[in-house]
A.B. asks: 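The structure is given below, and queries will be raised subsequently.
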Amino acid sequence: MVDSIKGKRGKSKPALPVKVEFHGGVLEGVCVNGKNYVAMKPIVEGMGLDWEKQLSRMQTHPVLKDEVSPIRGVPSAGGAQTTMCLPEN
């Protein structure tokens with residue numbers, strides 16, 4: 001399995017695990033082409049919100065729908081996973 005994100009032309013780009021600082025904490029994420037992405041599910045669940053509802057909202061939000069992406073290679077307790085991510089910035 002290759003850790004990647006699909007580019008605009010459908011070509012895979014390698015993803016590297018990174019730790020992103022956020023409000024005094026550290027989030028797990030990946031770096032693809034020099035851009036950091038963070039996994040959204042742990043953040044949403046950490047706030048006590050329902051993941052499926054929040055994912056649906058992100059996918060229909062006028063700004064977020066173009067930014068949220070499934071990325072393979074996000075670190076987790078069970079190993080690298082494919083998960084929905086947003087860019088760090």
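From a predicted model like this one, the values you see are computed outputs, not experimental measurements.
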A.B. asks: Does a side-chain heavy-atom distance below 4.5 Å link C31 with V18?
C.D. replies: yes
A.B. asks: What is the distance from atom NZ of K41 to atom SG of C85, rounded to the nearest 0.5 Å?
C.D. replies: 12.5 Å
A.B. asks: Please tell me if the side chains of F22 and V38 come closer than 4.5 Å, counting only heavy atoms from C-beta onward.
C.D. replies: no
A.B. asks: Under the side-chain contact (heavy atoms from CB on, under 4.5 Å) rule, collect the residues that match up with P42, sequence neighbours excluded.
C.D. replies: A39
A.B. asks: What about L27 and M40, same hydrophobic cluster or not, with Ile/Leu/Val/Met/Phe/Trp/Tyr joined at side-chain heavy-atom distances under 4.5 Å?
C.D. replies: yes
A.B. asks: Of all the heavy-atom pairs spanning T60 and K65, show the shortest one and how long it is.
C.D. replies: N-CB, 4.3 Å
A.B. asks: Taking the side chain as everything from C-beta on, heavy atoms only, tell me whether E67 gets closer than 4.5 Å to M58.
C.D. replies: no
A.B. asks: I'd like to know if L86 and V32 are part of one continuous hydrophobic network [Ile/Leu/Val/Met/Phe/Trp/Tyr, side-chain heavy atoms within less than 4.5 Å].
C.D. replies: no
A.B. asks: How long is the gap from CD1 on I71 to CD on Q81, to the nearest 0.5 Å?
C.D. replies: 14.0 Å
A.B. asks: Apply salt bridge (Lys or Arg N to Asp or Glu O under 4.0 Å) to E28 and list each qualifying residue two or more places apart in sequence or on a separate chain.
C.D. replies: K19
A.B. asks: Let me have the donor-acceptor pairs involving side chains of residues 43-56, under 3.5 Å, with sequence neighbours excluded, atom names and distances please.
C.D. replies:
{"from": "D50", "atom 1": "OD2", "to": "E52", "atom 2": "N", "distance (Å)": "3.4"}
{"from": "D50", "atom 1": "OD2", "to": "K53", "atom 2": "N", "distance (Å)": "2.9"}

